[in-house]
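Okay, structure first, notes after.
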Amino acid sequence: MRIANELKVGLAIVASATIFLLGYRYLQDVPLLSGTSDYYSILSDAKGLIGGNPVRLSGVKVGSVIDVRYNSATDSIRVDYKVNKDIPVYVGTVVEVTGIDALGGVRLDMELGDRNNPVIPVGGRIGGRAAGDDLLGNLSARAPGLADRTESVLEGLDETLSATSAMLSDPASDLRRSLTALRSTASTLEETLKGESETISGILSNLEDITGSVSGAVAGEEDSLEAAVADLRASLSSMKAMMASLEGTTRRLDRVTAKIDNGEGTLGMLVNDPGLYVQLDSAARNLNALLADFRAHPRRYLRELKLVDIF
């Protein structure tokens, strides 16, 4: 029995130590079963970072912050944190405090260095990057100016509404007259539509009947329509060929006219040489005179001719 009691005591001690160790790691926000590696960084501003805040890599939690201390000698912040042991931290890795302190979402974001670089030894220093601007802090700093602008806008809006209300209350104002005219126009249009509703309905009905008639006339005549379209296309093609031939004839006629204008050829010389026209006219008159004399005195021309020469 003595051995059994001692065994129970030993098992209880081991179980207590195991529970204590697991509870300590849980309270420190450290993985219970996997190992971790300790690192530290020097920052200029913690931005509300405290122990227990997560360390994230590409949005995934890979560790937690252990301690955040201010160093008065260097006016800097030392941040100690743990990172899962299975994550290699290469030289060139940097950390940055992100999140909004007012919402309790501050964290330490890690960006790994080049994989070709050597690994930073456990307990080594990882470079820190200046934290970005705090959104709520910027809003708080700009709040007075935004409040002044908002108040100015509200005052202008109040003045505009007051002026509008005054114009609406005054029957002689342009706005009141415009609204009255618009209401009168709308009423007139409504009455017109009511009075012409039957006419509009009739027009729509007639249009529907016409559409139905056209559809009925076309139904069953698709082949005839297709043949008519084919004939029309052939006629258009023939007309196009005729137009091309006419254009060619016109171009040739233009060239002939240009040659005549330039005095080229017999017709061009005749048209452009007045002397040739005078000579032709004189020759024609002489020929007419000769024929007239021949008719009047044929013996004069036939006297010297012999019968054999005539025939």
Side-chain angles (χ1 to χ4, degrees), residues 3 5-143:
I3 297 176
N5 291 334
E6 292 176 353
L7 181 60
K8 291 179 180 178
V9 172
L11 292 176
I13 294 174
V14 172
S16 300
T18 302
I19 294 173
F20 174 78
L21 179 60
L22 292 177
Y24 175 78
R25 294 177 67 88
Y26 176 78
L27 293 176
Q28 292 292 323
D29 201 13
V30 176
L32 300 179
L33 301 178
S34 62
T36 58
S37 301
D38 295 344
Y39 298 97
Y40 76 94
S41 297
I42 304 298
L43 304 176
S44 59
D45 191 349
K47 294 290 183 180
L49 189 70
I50 60 175
N53 288 149
V55 178
R56 294 190 178 184
L57 176 63
S58 299
V60 179
K61 182 180 177 181
V62 295
S64 60
V65 177
I66 300 174
D67 189 22
V68 180
R69 297 192 304 273
Y70 173 72
N71 188 345
S72 59
T74 59
D75 190 22
S76 60
I77 309 297
R78 178 186 171 106
V79 180
D80 294 285
Y81 47 91
K82 294 179 178 293
V83 179
N84 293 348
K85 198 171 185 178
D86 56 346
I87 296 178
V89 182
Y90 303 101
V91 174
T93 301
V94 293
V95 294
E96 177 185 358
V97 179
T98 60
I100 301 176
D101 184 21
L103 301 180
V106 180
R107 61 183 179 272
L108 193 65
D109 282 344
M110 176 181 292
E111 182 180 339
L112 294 179
D114 192 350
R115 295 180 179 272
N116 296 323
N117 295 338
V119 177
I120 299 176
V122 177
R125 175 179 174 180
I126 297 177
R129 186 161 53 193
D133 295 335
D134 186 0
L135 178 60
L136 291 182
N138 290 338
L139 290 177
S140 299
R142 299 176 60 183

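Computed from heavy atoms alone, side chains included, the values below leave out hydrogens, waters and symmetry copies.
Distance check: Ile66 CD1 to Asn53 CG gives 12.5 Å after rounding to the nearest 0.5 Å. The distance from atom CD of Glu96 to atom CE of Met110, rounded to the nearest 0.5 Å, is 12.5 Å. Thr98 contributes atom OG1, which lies 3.5 Å from atom CG of Asp109 (distance to the nearest 0.5 angstrom). The structure places OG of Ser37 at 11.5 Å from CD1 of Ile120, a figure rounded to the nearest 0.5 Å.
Listed by chain and residue number, nothing satisfies the salt bridge (Lys or Arg N to Asp or Glu O under 4.0 Å) test with Asp86 (two or more places apart in sequence, or in another chain). Under the salt bridge (Lys or Arg N to Asp or Glu O under 4.0 Å) criterion, Arg56 pairs with no residue at all, not counting sequence neighbours. For Asp114, there are no side chain to side chain donor-acceptor pair (under 3.5 Å) partners two or more places apart in sequence or in a different chain. Residues satisfying the side chain to side chain donor-acceptor pair (under 3.5 Å) criterion with Tyr81, sequence neighbours excluded, are Ser41. Partners of Asn117 by side chain to side chain donor-acceptor pair (under 3.5 Å), not counting sequence neighbours: none found. Scanning for side chain to side chain contact (heavy atoms under 4.5 Å, CB included) contacts around Thr74 gives Asn71, Ser76, with sequence neighbours left out. Partners of Thr93 according to the side chain to side chain donor-acceptor pair (under 3.5 Å) rule, which considers only residues two or more places apart in sequence or in another chain, do not exist here. Under the salt bridge (Lys or Arg N to Asp or Glu O under 4.0 Å) criterion, Arg69 pairs with Asp67, Asp80, sequence neighbours left out.
Counting heavy atoms from C-beta outward, Val65 and Leu49 have side chains that approach closer than 4.5 Å. Between Tyr90 and Arg115, some side-chain heavy-atom pair lies under the 4.5 Å cut-off. Between Val94 and Ile126, every side-chain heavy-atom pair lies at or beyond the 4.5 Å cut-off. Put simply, the side chain of Arg129 reaches to within 4.5 Å of the side chain of Glu111, judged on heavy atoms. Side-chain contact between Thr36 and Val83 is absent, with no heavy-atom pair separated by less than 4.5 Å. Using a 4.5 Å heavy-atom cutoff, the side chains of Val97 and Val106 are in contact.
In this structure, Asp75 contributes its side chain and Ser72 its backbone to no donor-acceptor pair below 3.5 Å.
Taking the ring axis of Tyr40 as reference, the NZ or CZ atom of Arg78 stays within 45° of it and closer than 6.0 Å to the ring centre.
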